[in-house]
Chemist: 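My questions will all concern the structure given below.
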Number of protein chains: 2
Amino acid sequence: MFSVPTRTQYGIRALVHLARAGEAADPAIADLATSAAIAKAESISPKYLEGIMTQLKSKGIVIAERGKGGGYRLARDASAIRMIDIVEALEGEVRPVDCVENSDCCVQGNACMPRKFWIGLKGAIDDYLASKTLKDVIEA
Amino acid sequence: MFSVPTRTQYGIRALVHLARAGEAADPAIADLATSAAIAKAESISPKYLEGIMTQLKSKGIVIAERGKGGGYRLARDASAIRMIDIVEALEGEVRPVDCVENSDCCVQGNACMPRKFWIGLKGAIDDYLASKTLKDVIEA
DNA sequence: CTATATTCCTACTATCTCGATAGGAATACG
DNA sequence: CGTATTCCTATCGAGATAGTAGGAATATAG
Ligand code: FES
Ligand code: FES
C-alpha cells in the first residue's frame with residue numbers, strides 16, 4: 001500500500017548523489033555529474049534515469065549543462081529543496097482520492113465523511129514531505 | 001500520487017454505511033445490511049463490493065450472516081475499529097518502498113539515507129491512520 | 001571542421017495492477 | 001422446496017509502470 005514508483009525512488013537517489021557531490025568545499029568543481037555516471041554509481045538503468053533527470057530539469061530542481069563536459073547540478077542549495085518539491089515534480093500533487101478537489105465522486109457530495117478523512121491524510125503526507133529537505137535526507 | 005485504490009475507498013464507504021446503520025438506539029435491529037443493499041445505496045458495482053466485504057470479513061472487521069435474511073454487521077464498535085485496520089485489511093501494510101524491511105534494494109545497504117526518509121513517511125501515514133477510528137470518520 | 005560526449009526528444013514494448021464481470025457452489029431461512 | 005444471501009474461482013479489458021531504442025541537438029576539444 002502507498003508504494004512509491006521507482007521513478008520517484010530513482011529521482012531521489014540521483015538527487016542525493018548530486019547533493020553529496022556538492023558537499024565538497026569548492027562548490028564549482030565537484031557538483032557536476034553526468035546522468036550516465038549517476039546511473040552507474042546507483043545501479044539504475046541509464047536510459048531510464050536520463051528521462052527522469054530531464055523531467056527534474058524541466059521542473060527547476062536541477063540545472064543541465066549540455067554537450068561534452070556537461071552534466072547536472074542542483075538548481076539551488078540542498079537545504080532549499082524540499083522533498084515535496086521533488087515528489088510533485090516527478091509524480092504530481094499528492095491526491096489520495098479524486099474527490100480531494102471536486103466532491104462529486106460519490107453520492108454524498110459535499111457532506112461526504114470519508115472525503116474529509118482522505119483530505120486529512122493528504123495533509124499528513126504533505127506536512128511530512130514539506131518538513132524534510134534534501135539536506136535533511138543526506139544528513140540523516 | 002499516493003492514490004488510494006477504489007477497493008479501499010469502497011470498503012471504507014461500505015463500513016461507514018454499516019456504522020451509521022448501527023448508530024440507532026437498538027443495536028440488534030438495524031445494523032445488518034446486505035452487500036447488495038450497500039452497493040445500491042453507495043452506487044458501487046455489486047459484484048465488486050461482494051468480494052471486498054468477504055475480504056473484510058476474513059480480516060475480522062465485519063461479521064457475515066449467511067443465507068436468507070443474512071448480511072453484514074461490524075464485528076465491534078465503530079470506536080474500536082481504527083482506519084489503519086481497514087486499510088491493512090484491504091491493501092496490506094503501508095510500505096512506500098520495498099526496502100522498509102530489507103535494506104538490499106540499493107547499493108548503499110543499511111546506510112541508505114533515502115530509506116530512512118521513506119520509513120519516516122511510513123511512520124507519518126501510519127500515525128494518521130492509527131489515530132482515526134471509524135467513529136471519528138462518521139462524526140467528522 | 002571533425003570527432004566525441006553529453007543532454008534531449010519521440011516512440012515503442014513487455015509486464016503488471018486495477019477494476020470489474022461471470023457463473024455458480026454453499027448456506028440458511030421459512 | 002424455493003429463495004436470498006454469502007462465498008469461491010476464473011477471466012478480461014484498460015491503463016499504468018518500467019524499461020528500451022534510436023537518434024537529433026548541442027557543446028567542447030583538438
Ligand atoms: S466525495 Fe469522494 S468518497 Fe464521497
Ligand atoms: S535501501 Fe532502498 S533505496 Fe537504498
Side-chain angles (χ1 to χ4, degrees), chain A residues 1-14 18 31-75 87 90-92 95-98 105-106, chain B residues 1-14 18 31-75 87 90-92 95-98 105-106:
Chain A
M1 186 71 188
F2 293 111
S3 66
V4 172
T6 58
R7 185 172 200 79
T8 303
Q9 296 180 44
Y10 292 170
I12 288 177
R13 279 165 57 189
L18 280 179
D31 58 355
L32 195 69
T34 68
S35 171
I38 299 173
K40 187 174 183 187
E42 296 283 337
S43 298
I44 299 172
S45 160
K47 274 295 203 178
Y48 191 31
L49 183 60
E50 251 187 35
I52 297 171
M53 296 309 295
T54 301
Q55 190 173 358
L56 287 172
K57 181 236 169 189
S58 76
K59 302 289 184 176
I61 309 288
V62 297
I63 289 172
E65 302 199 352
R66 302 185 67 174
K68 191 173 183 178
Y72 295 96
R73 76 179 76 246
L74 295 183
V87 167
L90 291 173
E91 302 290 333
R95 184 191 310 184
V97 291
D98 289 340
C105 91
C106 84
Chain B
M1 186 71 189
F2 294 110
S3 65
V4 172
T6 59
R7 184 171 200 81
T8 303
Q9 297 180 44
Y10 293 169
I12 288 177
R13 278 165 59 190
L18 280 179
D31 60 352
L32 195 68
T34 69
S35 171
I38 300 173
K40 188 173 181 187
E42 296 281 339
S43 298
I44 299 171
S45 160
K47 273 296 205 180
Y48 190 30
L49 183 59
E50 251 187 35
I52 296 171
M53 296 308 296
T54 300
Q55 192 173 358
L56 288 171
K57 181 236 167 190
S58 78
K59 302 290 183 173
I61 309 286
V62 297
I63 289 171
E65 302 200 352
R66 303 183 67 173
K68 190 173 181 178
Y72 293 95
R73 77 178 77 244
L74 295 183
V87 167
L90 291 173
E91 302 291 334
R95 184 191 311 184
V97 291
D98 287 340
C105 91
C106 84

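Below, chains carry the letters A, B, ... as their sequence lines are ordered, and counting in each starts from 1.
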Chemist: Rounded to the Å, how far apart are A:Met1 CE and C:dT17 P?
Modeler: 15 Å
Chemist: For the residue pair B:Phe2 and A:Phe2, does the interplanar ring angle fall in the parallel (under 30°), tilted (30 to 60°) or perpendicular (over 60°) class?
Modeler: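 Judged by the thresholds at 30° and 60°, the geometry between B:Phe2 and A:Phe2 is tilted.
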Chemist: Which of residues 56-71 of chain B have a heavy atom under 4.0 Å from DNA chain D?
Modeler: B:Lys57, B:Ala64, B:Glu65, B:Arg66, B:Gly67, B:Lys68, B:Gly71
Chemist: Locate the shortest heavy-atom distance separating B:Tyr48 from B:Thr6; write the atom from each residue and the value.
Modeler: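 In terms of heavy atoms, the two residues are closest at OH-OG1, 3.5 Å.
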Chemist: Whole angstroms only, please: what is the CG-C1' distance between A:Asp98 and C:dC18?
Modeler: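 Answer to the nearest Å: 14 Å.
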Chemist: Please list, chain by chain and in numerical order, all residues satisfying side chain to side chain donor-acceptor pair (under 3.5 Å) with A:Thr8, sequence neighbours excluded.
Modeler: A:Glu91
Chemist: Under 4.0 Å from a heavy atom of chain B: give me the 5'-most and 3'-most nucleotides of DNA chain D that qualify.
Modeler: D:dT3 to D:dC8
Chemist: On a heavy-atom basis, which atom in B:Leu18 and which in B:Tyr72 lie closest, and how many Å separate them?
Modeler: CD2-O, 3.4 Å
Chemist: Tell me, which pairs form a salt bridge (Lys or Arg N to Asp or Glu O under 4.0 Å) where one or both residues lie in residues 60-70 of chain B, sequence neighbours left out?
Modeler: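 Non-adjacent pairs meeting salt bridge (Lys or Arg N to Asp or Glu O under 4.0 Å): B:Glu65-B:Arg73.
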Chemist: Rounding to a whole Å, what distance do you find between B:Ile44:CD1 and C:dG19:P?
Modeler: 12 Å
Chemist: Which residues in residues 46-54 of chain B have a heavy atom closer than 4.0 Å to any atom of DNA chain C?
Modeler: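 Per residue number, the list reads B:Lys47, B:Tyr48.
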Chemist: With a 4.5 Å limit on heavy-atom distance, are the side chains of B:Leu74 and B:Asp31 in contact?
Modeler: no
Chemist: Tabulate below the donor-acceptor pairs under 3.5 Å that side-chain atoms of residues 33-40 of chain B make, not counting sequence neighbours, or state none.
Modeler:
residue: B:Thr34; atom: OG1; partner: B:Ala37; partner atom: N; Å: 3.0

Chemist: With the side chain counted from C-beta on, respond yes when B:Met1 and A:Pro5 share a heavy-atom pair under 4.5 Å apart, and no when they do not.
Modeler: yes
Chemist: What pairs of residues pass the side-chain hydrogen bond (donor to acceptor under 3.5 Å, both in side chains) test when at least one of them lies in residues 50-64 of chain B, not counting sequence neighbours?
Modeler: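 Every side-chain hydrogen bond (donor to acceptor under 3.5 Å, both in side chains) pair that includes a residue of residues 50-64 of chain B, provided the two are not neighbours, is B:Arg7-B:Gln55.
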Chemist: Is the backbone N or O of B:Ala14 less than 3.5 Å from a side-chain atom of B:Glu42, with the two atoms forming a donor-acceptor pair by type?
Modeler: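 Checking the backbone N and O of B:Ala14 against the side chain of B:Glu42, no donor-acceptor pair under 3.5 Å is found.
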